[in-house]
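A quick write-up on the structure given underneath.
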Amino acid sequence: MHHNAHGRATLGGKLSAVLVAAGSSVGLGNIWRFPYVAGDNGGGAFLVIYICCVLLLGLPIMLAEFTVGRASHRNAVGAYRALDRRWSLLGYNGVLAAFLILGFYFVVSGWTAEYMVHSLTGSLAHFTEATQYKAVFENFIQNPWRPILYTCLFVLATHAVISLGVQKGIERSAKVLMPLLFLILIVLSVHAVLMPGGEAGLRFLFRPDFSKVTASTVLVALGQAFFSLSIGIGTMVTYASYFKADTNLRHTALNVTILDTAVAILAGVVIFPAVFSVGIEPSSGPSLVFITLPSIFNGMPWSMVWSSVFFLLLVVAALTSTISLHEVITAYLHEEWHLTRRKAAWATTAATALLASVASLSLGAWNGLELFGMSFFDALDFLTANILLPAGGLFTCIFVGWKLDQQVLRNEITNRGALSFRIYGLFRALLRYFCPAVMLLVFLDNLGVF
Ligand code: PFF
């Protein structure tokens with residue numbers, strides 16, 4: 001990182017802004033969460049609603065968050081406070097959401113790390129049936145200590161990047177690893193589509209059946225869009241606080257959104273043909289990809305190599321996302337509580353490791369630990385993606401659309417007039433009227449008001 005005149009870190013060139021923001025967005029949300037929620041919600045119709053949410057809500061909100069971050073140069077809480085005292089609550093919503101997301105995200109990241117190790121040692125290659133992979137997965141996540149060990153290793157890896165400030169290294173490796181992830185997904189999708197039954201999977205993903213759509217489908221799609229794009233939570237506010245004055249916010253948001261959505265759709269093209277081919281239910285939930293992926297690799301030549309490389313890339317994709325979540329909390333503690341960055345990072349690390357360990361145990365040894373009638377792990381996922389993030393997005397729109405000095409908004413979006421933005425009027429209308437109205441309706445609909 002470079003340092004600007006105020007001694008605050010800034011990011012390198014134009015590419016870096018896109019890279020770090022895409023690093024945050026592209027992660028387990030695309031490859032683990034998207035296929036399982038799409039599978040749970042009927043496939044094709046969900047995909048259509050998801051894409052509408054990304055373009056009409058996600059894109060304007062990402063731009064709004066970039067504006068707040070770069071206009072204030074502060075952490076999520078400090079940013080809203082600096083612009084309007086009463087709105088710091090929106091920042092707290094983000095810090096809380098980041099903490100709760102890390103509670104389950106670190107656990108799933110731990111699973112991917114374990115699967116990478118198993119791929120390297122070849123111990124995943126012995127099985128032939130999907131039911132066997134299901135048993136392996138369930139056996140693993142219910143073990144009282146092994147997943148916690150991997151989870152904690154992952155937490156420490158995140159801590160190391162945050163505290164050693166090796167962002168440059170991460171930025172540079174992301175430049176290579178992200179295209180590699182894309183490439184390997186393309187190879188896997190070709191393989192998956194050609195598997196017997198592959199066509200049924202494509203039909204499931206791309207042929208919408210709107211009769212399956214309910215109020216909750218729309219909320220889940222909205223939540224998944226926000227989760228996947230890392231918005232509604234203050235992550236993009238925090239990252240944009242490090243952007244340079246000449247970073248083009250519109251291009252950054254557009255590129256990140258396109259990349260993120262392409263990876264999610266590709267993941268669907270890999271997973272669903274394979275799901276139908278090996279006879280798993282598309283609505284198997286969080287275990288879906290962990291059962292499906294090893295089955296795909298098994299049918300490929302050099303399966304060990306493919307699966308090791310793939311899980312390695314997944315680990316890296318998860319790591320660039322956990323770093324961004326960790327940074328939201330660390331920056332908040334550092335700047336608002338005046339802890340040294342070192343102490344702030346350790347406090348975040350310790351608290352999230354504890355929460356993640358409890359979440360991991362709630363799937364096995366402590367399976368009586370439930371909240372809202374679901375496991376503690378599922379409850380963290382549900383609460384953040386379906387409630388905190390959409391609520392954060394709603395209030396971000398209201399704040400940036402109605403409360404923020406509109407000259408600040410225009411200045412940030414156009415880099416003080418240096419860039420033209422022909423559809424600025426459309427963007428503002430979406431932010432002021434369309435997005436809040438849609439989100440409010442979706443919320444009310446889910447509360448059973450209509
Ligand atoms: N967007 C990440 C993913 O799709 O895996 C997860 C995430 C990262 C969500 C950062 C929210 C966030 F602030």
Side-chain angles (χ1 to χ4, degrees), residues 19-38 50 53-54 58 61-62 65-66 68-69 75-77 79 90-112 154 158 161-162 170 174 178 181 185 221-241 253 256-257 259-268 286 289 313-332 348 352 356 380-393 396:
L19 264 179
V20 291
S24 171
S25 295
V26 176
L28 299 175
N30 307 62
I31 292 160
W32 162 72
R33 201 173 188 280
F34 174 78
Y36 101 68
V37 290
Y50 174 78
C53 288
V54 165
I61 293 176
M62 191 182 288
E65 291 201 11
F66 280 167
V68 171
N75 67 85
V77 172
L90 190 48
Y92 285 111
N93 177 70
V95 174
L96 175 69
F99 176 63
L100 298 179
I101 288 179
L102 281 177
F104 70 92
Y105 206 92
F106 270 141
V107 177
V108 184
S109 304
W111 298 345
T112 59
F154 210 97
T158 307
V161 176
I162 289 278
I170 292 277
M178 203 96 84
L181 180 68
L185 278 173
L222 184 75
Q224 171 60 24
F226 285 20
F227 184 85
S228 191
L229 294 170
S230 307
I231 57 173
I233 177 169
T235 300
M236 291 308 178
V237 172
T238 307
Y239 267 11
S241 75
V256 170
T257 304
L259 254 172
D260 187 72
T261 308
V263 173
I265 294 175
L266 256 181
V289 294
L313 294 172
L314 204 50
V315 162
V316 176
L319 187 64
T320 52
S321 299
T322 56
I323 290 166
S324 71
L325 287 158
H326 195 292
E327 177 65 24
V328 170
I329 310 174
T330 301
Y332 158 68
T348 308
T352 50
L380 289 175
D381 178 327
F382 176 83
L383 180 68
T384 50
N386 293 353
I387 298 170
L388 296 184
L389 298 195
T396 303

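Note that the structure is a prediction, hence the values are computed from the model and not measured. In what follows, every heavy atom counts, from backbone to side chain, and hydrogens, waters and symmetry copies are set aside. Counting starts at 1 for both ligands and their atoms, following the listed order.
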Is there a heavy atom in Phe34 that sits closer than 4.0 Å to ligand 1?
no
Polar atom proximity, Ser324 to ligand 1 (N or O, under 3.5 Å):
no
Under a 4.0 angstrom heavy-atom cut-off, which atoms of ligand 1 come close to Gly29?
3 (C), 4 (O), 5 (O)
Identify the closest protein heavy atom to atom 4 (O) of ligand 1: which residue and atom is it, and at what distance?
Ser25 O, 2.9 Å
For atom 13 (F) of ligand 1, what's the nearest protein heavy-atom neighbour? Residue, atom name and distance, please.
Thr235 OG1, 2.4 Å
So is there a nitrogen or oxygen of Val26 less than 3.5 Å from a nitrogen or oxygen in ligand 1?
no
Based purely on interatomic distance, does Ile233 place a nitrogen or oxygen under 3.5 Å from a nitrogen or oxygen of ligand 1?
no
Based purely on interatomic distance, does Tyr105 place a nitrogen or oxygen under 3.5 Å from a nitrogen or oxygen of ligand 1?
yes
With Tyr50, which of Phe227, Phe34, Phe226 fulfils ring-ring contact (aromatic ring centres under 6.0 Å, His included)?
Phe34
Identify the heavy atoms of Met236 and Ser230 that sit nearest to each other, and give their distance.
CG-O, 3.6 Å
Between Thr322 and His326: side-chain donor-acceptor atoms closer than 3.5 Å:
no
Is there a donor-acceptor pair closer than 3.5 Å between any side-chain N or O of Asn30 and the backbone N or O of Gly27?
yes
For the residue pair Thr235 and Ser24, confirm or rule out a side-chain donor-acceptor distance under 3.5 Å.
no
N/O separation below 3.5 Å, Leu229 to ligand 1
no
Checking heavy atoms under 4.0 Å, the part of Ser24 that sits near ligand 1 is both
Ligand 1 to Leu28, heavy atom cutoff 4.0 Å, flagged ligand atoms 5 (O)
Please list, in number order, the atoms of ligand 1 under 4.0 Å from a heavy atom of Asn30.
4 (O)
Ligand 1 contacted by Ser228 (non-hydrogen, < 4.0 Å)
yes
Any idea which protein heavy atom is nearest atom 9 (C) of ligand 1, and the distance to it?
Phe227 O, 3.2 Å
Could you check atom 8 (C) of ligand 1 against the protein and tell me its nearest heavy-atom contact, residue, atom and distance included?
Ser230 OG, 3.3 Å
